[in-house]
Student: 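Here's a structure for you.
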Amino acid sequence: MRKNNVELILKELKHKKMVALVAPSFVADFEYPKIITQLNKLGFDKVVELTFGAKLVNREYHKKLKNSKSLVIATVCPGIVEVVNRNYPKYKNNLIKIDSPMIAMAKICKKTYPKHKTVFLSPCDYKKIEASKSRYIDYVIDYEQLREVFKTKKLENVKASKKIFDKFYNDYTKIYPLAGGLSKTAHFKGIIKPKEIKHIDGIKRVMEFLNKPDKKIRFLDVNFCVGGCIGGPHTCKLSLTKKKKKVIAYLNKSKRERIPLARRGTFERAKNLQFSY
Ligand code: SF4
């Protein structure tokens with residue numbers, strides 16, 4: 001996978017402006033705000049998180065659900081998309097054509113930082129494949145590879161400066177990498193009844209549902225990995241319970257942070273961009 005060439009990324013970091021796109025699942029493996037210092041020291045000019053992308057994606061699901069009577073299957077997990085396309089062709093049309101938070105944020109980054117190369121930090125191979133197919137993502141590196149790079153470059157124990165992400169903060173979507181994160185943050189009240197929503201994590205259970213669907217479900221929030229993206233194969237070996245605690249702590253910390261307006265994700269930044277196709 002050409003875009004997943006770590007040596008090339010490190011070489012590019014020496015002479016090109018690069019922006020790191022950090023999914024909120026990063027807290028399972030790395031610390032905040034230390035990761036910003038680590039990435040800056042590695043050569044990244046900008047470091048942004050994907051939580052605002054998640055908010056934009058939620059807004060698209062709102063629009064679709066308002067106008068749809070049939071089952072909507074969320075498409076933020078490319079593993080699910082692949083399994084449905086391959087094994088459940090009758091559900092192909094239920095896969096709603098909405099960008100993942102990664103692609104949504106990559107589009108915003110290309111608009112905001114047109115001269116920068118975009119680099120996505122990935123918890124899994126499915127996301128790496130999705131990133132490698134997108135013209136909005138220039139490079140991708142997974143968490144295991146990044147941990148190794150930090151080790152080699154002796155950046156594991158750097159002291160965190162008081163930095164915050166460069167842009168696009170959004171607090172409540174920090175739970176997106178947990179199972180059910182999408183449906184819990186999408187504010188579907190008034191659009192769909194709670195009993196019409198189902199979240200399932202783990203491909204085995206997802207397939208069980210698709211083999212024997214519950215007809216009253218209208219929105220299926222599904223993850224290939226058990227636990228959601230914190231259970232991604234390139235995340236660290238901590239237990240899911242500990243990883244989940246880290247995500248919740250990150251969410252709670254973010255509620256106390258004072259983020260200037262210029263660093264927050266506002267709809268203005270997404271103006272004229274399309275997130276459904
Ligand atoms: S649930 Fe697993 S496969 Fe799907 S995007 Fe998250 S880490 Fe990747």
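Numbering of ligands and ligand atoms starts at 1, following listing order. The basis for the numbers below is simple: all heavy atoms, side chains too, and nothing from hydrogens, waters or symmetry mates.
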Student: Would you mind listing which atoms of ligand 1 come within a distance below 4.0 Å of any non-hydrogen atom of N223?
Tutor: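 Within the 4.0 Å cut-off of N223, ligand 1 contributes 1 (S).
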Student: Can you tell whether the side chains of D99 and K107 come within less than 4.0 Å, N to carboxylate O?
Tutor: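 Looking at D99 and K107, the cut-off is met.
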Student: Report the C-alpha distance between L65 and F219 in whole Å, list the side-chain angles of each, state the deciding distance to 0.1 Å, and finish with yes or no for side-chain contact (heavy atoms from CB on, under 4.5 Å).
Tutor: CA-CA 8 Å; L65 271 169; F219 183 71; 3.9 Å; yes
Student: Considering only protein heavy atoms, which is closest to atom 6 (Fe) of ligand 1, and at what distance to one decimal place?
Tutor: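 For this ligand atom, the closest protein heavy atom is C229 SG, 2.3 Å.
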Student: For atom 4 (Fe) of ligand 1, which protein heavy atom lies nearest, and how many Å away is it?
Tutor: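 Result for atom 4 (Fe) of ligand 1: C77 SG, 2.4 Å.
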Student: Indicate whether the side chain of K163 and that of N40 have a donor and an acceptor atom separated by less than 3.5 Å.
Tutor: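 Yes, because at least one side-chain N or O of K163 sits under 3.5 Å from a partner of the opposite role on N40.
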Student: Mark up the atoms of ligand 1 that fall under 4.0 Å of a heavy atom belonging to Y126, in ascending order.
Tutor: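 Listed by number with element, the hits are 3 (S).
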Student: How far is atom 8 (Fe) of ligand 1 from the closest protein heavy atom, and which atom is that?
Tutor: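 Closest protein heavy atom to atom 8 (Fe) of ligand 1: C124 SG, 2.3 Å.
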Student: D138 and salt bridge (Lys or Arg N to Asp or Glu O under 4.0 Å): which partner among R2, K17, K110?
Tutor: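 It is K110; the other options fail the test.
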Student: What part of F224, side chain, backbone, both or neither, has a heavy atom within less than 4.0 angstrom of ligand 1?
Tutor: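 Both parts.
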Student: Using a cut-off of strictly less than 2.8 Å, determine whether C225 has an N/O/S atom near atom 2 (Fe) of ligand 1.
Tutor: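 Coordinating: yes.
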Student: Any idea which atoms of ligand 1 are less than 4.0 Å away from a heavy-atom of G232?
Tutor: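 Atoms satisfying the 4.0 Å criterion: 7 (S).
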Student: Salt bridge between K63 and E60, side-chain N to carboxylate O under 4.0 Å?
Tutor: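 The answer is yes: the pair qualifies as a salt bridge.
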Student: For ligand 1, is there an atom lying under 4.0 Å from some heavy atom of G79?
Tutor: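 G79: no contact with ligand 1 (<4.0 Å).
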Student: Does the side chain of Y250 pick up a donor-acceptor pair with the side chain of K174 at under 3.5 Å?
Tutor: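 K174 and Y250 do have a side-chain donor-acceptor pair below 3.5 Å.
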